[in-house]
There are 4 protein chains.
Amino acid sequence: MKFTEVVISTKANNTGEKYHRILEAAVSVFAKKGFHQSTISQIAGEAGVADGTIYLYFKNKDDILVQFFTYKTKQVFAGFREAVKKADNARDKLRNLVHRHLEEFQKDRKMAIVYDALTHQNMELVEVNIRGMSKMYTDIVSDIIERGQEEGVMRRDLYIGLVKRFILGAVESAISNWLRSKREYDLTSMTDPLIDLFIRGIGNPDA
Amino acid sequence: MKFTEVVISTKANNTGEKYHRILEAAVSVFAKKGFHQSTISQIAGEAGVADGTIYLYFKNKDDILVQFFTYKTKQVFAGFREAVKKADNARDKLRNLVHRHLEEFQKDRKMAIVYDALTHQNMELVEVNIRGMSKMYTDIVSDIIERGQEEGVMRRDLYIGLVKRFILGAVESAISNWLRSKREYDLTSMTDPLIDLFIRGIGNPDA
Amino acid sequence: MKFTEVVISTKANNTGEKYHRILEAAVSVFAKKGFHQSTISQIAGEAGVADGTIYLYFKNKDDILVQFFTYKTKQVFAGFREAVKKADNARDKLRNLVHRHLEEFQKDRKMAIVYDALTHQNMELVEVNIRGMSKMYTDIVSDIIERGQEEGVMRRDLYIGLVKRFILGAVESAISNWLRSKREYDLTSMTDPLIDLFIRGIGNPDA
Amino acid sequence: MKFTEVVISTKANNTGEKYHRILEAAVSVFAKKGFHQSTISQIAGEAGVADGTIYLYFKNKDDILVQFFTYKTKQVFAGFREAVKKADNARDKLRNLVHRHLEEFQKDRKMAIVYDALTHQNMELVEVNIRGMSKMYTDIVSDIIERGQEEGVMRRDLYIGLVKRFILGAVESAISNWLRSKREYDLTSMTDPLIDLFIRGIGNPDA
DNA sequence: AATGAATGAGCGTTCATTCAT
DNA sequence: GATGAATGAACGCTCATTCAT
């Protein structure tokens, strides 16, 4: 595919290349400094282009962030459905979801940092995107929980509205801790411990 | 130091008053606009003082944020120990902790917003404070878990390093959702549902 | 008056002084380069203040122009009524108007240049002001013509709507020529020749 | 030169076509936004060529304006002589001049707007052109006046240096008013009322 | 202590011009 | 000839900080 593009149109390829180079550079700078503290000059420098070039690909600074959400992040989240589909029971679906979540964010640390920061700021710019993605995620979790209840492996007396946000929150919190940790460790290794906490809780059932 | 001044003179007392007025004004503005988008002028305006006056009480803009963490937030967190002490078993201690946590953040919404945003940004400025407070919190949780294990009400096979962060993350996530919710609801009412999820998980023990 | 202000309030005086210094500087730069080609830096430099200082007295660059019209130019035009009042017949009133017009514009050459340029550009910014001032002027002329007709010194068969604009145009044209002339001459000396052309025209009445 | 190219080759002919397309586009954009507010991109867009193409026909942005004066406007003004020639007495010559002037500017409104704006700005770029055209025009008027004096239809005691500029100014002023008028009316219909004012003035000769 | 006018570095953005294709 | 992506200087404007009063 990439190769075909090169053959067909050098221009289109270059355009795409530069667009992505700027986007990656921007995410990199945003991750380091935060969106508002990042300057166009820094992004241009990181991307190896002139400041003005940015404006050939993005309407303005805000637009870079919006594009980041619209294309990059949204794509990652959309992939979660796929992971869930691959399992045939609720518990494994939940496990796959969490695993894929941790995996994707571990794979792209900078995206993880930017995403983490933005979801905790009131930025109208991306609020709609964030709410949309959050809804997509919690809808998936809701479906899994309901299925789990049908399968008999999950409690019937759950307040699903809380549970779905609880699970997203716990996973995001795990990512957040990983990002801030000074030790380097495999984020995906948290999958099973997390699932275990979700399912069994911390209480001693024999008590 | 500030306290001493209050004792010594009326002038110092006024000073203390103005200091707090500025701090409250700052938190208010930070909550509305975010730290970097807030201006000294806005804070001064909200506090009813001149721009220059701010610099009599704070070294610079950053310092306002540091003071916010050093005094205001730290104080809130310190109160958590007290709540925990009032219960005499692990489960109630955990319940009291979570309840107090939600209560304090509900009581001071602006602080909650600022705290939420800052803990998810890489600001060297407050990193130490955040780590300190997080440690204080998770230490409390660790103690509770260990006690619960001794009491036999909590599982022995827990990865405490994860659990303590898991609980903090889940509570903070509940706060975060409450802050972003369009509906108004009583945040403390989330206490028992949360504790229930912590202790029993979502799994059906009969399965 | 000036002195009193100094005694009462140095601050107010300084403020007014700086405001006017900037306005004068701006008009000076506008006259030399034209509004759009003038930069804030140039104006600030000419006024002997920092760039940022401009924004303590004017909302933005556009506002400088608007203020110029609202206060400076409007004031000059308002003075025209006064000159007209001092004569007791139509011809002298017209003479006084034209004389005062030429006199004021000669007195403030820079204002004249800026006014001349702006009235021939489509700038929404000052369009209302320009139309307003033009109307004020042509209303005065209309009154004079009508009075002249009553006095019997002016023709009855005049298309006043044209005449009033004709007179303003001819005077402004005289100013414009004076501004562009390489020779220096007394603009007010054009008064009587102009009035003569207005009244008698170029035709030979004996023909 | 350009004309020669047209004769020599089809390619050159295309070139000439594109050259004029760009010039027309430029005038159109200048009329709408003013010279300094117009961008090369806008002109290129209006002309249906690439930005870079402009530089194959014009040295730079300023050059477009210079060419506008050198070819387009100068051509219009040159035509005035022709109109004057068609009358055989001073009064009709003046009438024909004014009529043609109004007619040409009414015919090409965009040119009129650009010409009007530029003649009232201090642009070294076109100053020479403007002075040249103004001289050409006032020379024609001077000739007419002198002839009128010989014919005995015009006063002998005229300050011709003023009269010639007076007439040009009044006509340009009529055009300027027409351009700014919200009502649409036939500009050439102003010819006779203007001539009447020129010849007879506003005064009552019987007074 | 308190003020707020003044500063000027630094930002996001535009656009005339160039040049590889 | 024709293109339009790329450039980077230059602009208007903001705002943390200082300091004379």
Margin query: Under 4.0 Å, counting only non-hydrogen atoms across every strand here, what does C/Ile40 touch: a base, just sugar-phosphate, or nothing?
Written below: sugar-phosphate
Checklist line | Atom pair distance, as rounded to whole Å: NZ in A/Lys61 and P in E/dG10 | finding: 16 Å
Next item on the list: By nearest nucleotide on DNA chain E, pick out whichever of C/Gly52 and D/Gln37 is the more 5' one.
Entry: C/Gly52
Check: Given F/dC15, is OP1 or OP2 found less than 4.0 Å from the side-chain N or O atoms of B/Ser41?
Finding: no
Check: Looking at the side chain of C/Val49, which of E/dT7, F/dG12, E/dA1 is the nearest nucleotide?
Finding: E/dT7
Margin query: Please compare A/Asp51 and D/Asp62 by the position of their nearest nucleotide in DNA chain E and report the one closer to 5'.
Written below: A/Asp51
Notebook entry, point to check: Which listed nucleotide (F/dC13, E/dA5, E/dT17) is nearest to the side chain of C/Tyr57?
Noted result: E/dA5
Notebook entry, point to check: Pick the nucleotide of DNA chain F nearest each of C/Asn60 and A/Ala50; which residue has the one closer to the 5' end?
Noted result: A/Ala50
Notebook entry, point to check: Mind checking who E/dT18 pairs with, Watson-Crick or G-U wobble, both distances under 3.5 Å?
Noted result: F/dA5
Check: Roughly, in whole Å, what's the span from CD1 in C/Ile43 to C1' in E/dA6?
Finding: 18 Å
Item checked: Closest to side chain of C/Thr39, choosing from E/dG8, F/dG4, F/dC11 -> F/dC11
Check: What's the shortest heavy-atom distance between D/Glu46 and D/Lys32, and which atoms?
Finding: OE1-NZ, 4.4 Å
Margin query: Taking the basic N atoms (NZ, or NE/NH1/NH2) and the acidic carboxylate oxygens, is any pair closer than 4.0 Å for D/Glu127 and D/Arg131?
Written below: yes
Notebook entry, point to check: How long is the line joining CZ of C/Arg21 and P of E/dA6, in whole Å?
Noted result: 9 Å
Notebook entry, point to check: Nearest-Å distance, NE2 (A/His36) to P (F/dT14)?
Noted result: 17 Å
Check: Rounded to whole angstrom units, what separation is found between the NZ atom of B/Lys33 and the P atom of F/dT14?
Finding: 13 Å
Next item on the list: Identify whether any heavy atom of C/Thr53 sits under 4.0 Å from a base atom; if not, whether one sits that close to sugar-phosphate; answer base, sugar-phosphate or nothing.
Entry: base
Checklist line | Side-chain donor-acceptor pair present, B/Gln67, B/Tyr19, cut-off under 3.5 Å | finding: yes
Margin query: When you compare the side chains of A/Lys33 and A/Ser38, does any donor N or O come within less than 3.5 Å of an acceptor on the partner?
Written below: no
Item checked: Between P of E/dT7 and CG of C/Leu56, the distance in whole Å -> 9 Å
Next item on the list: Return the value, rounded to whole Å, for the distance between atom OH of A/Tyr55 and atom C1' of E/dT14.
Entry: 9 Å
Check: Do A/His120 and B/His120 have ring centroids that are under 6.0 Å from one another?
Finding: yes
Notebook entry, point to check: OP1, OP2 of F/dA6 versus side-chain N and O of A/Lys18: anything below 4.0 Å?
Noted result: yes
Notebook entry, point to check: Rounded to whole angstrom units, what separation is found between the OH atom of A/Tyr19 and the P atom of F/dA6?
Noted result: 14 Å
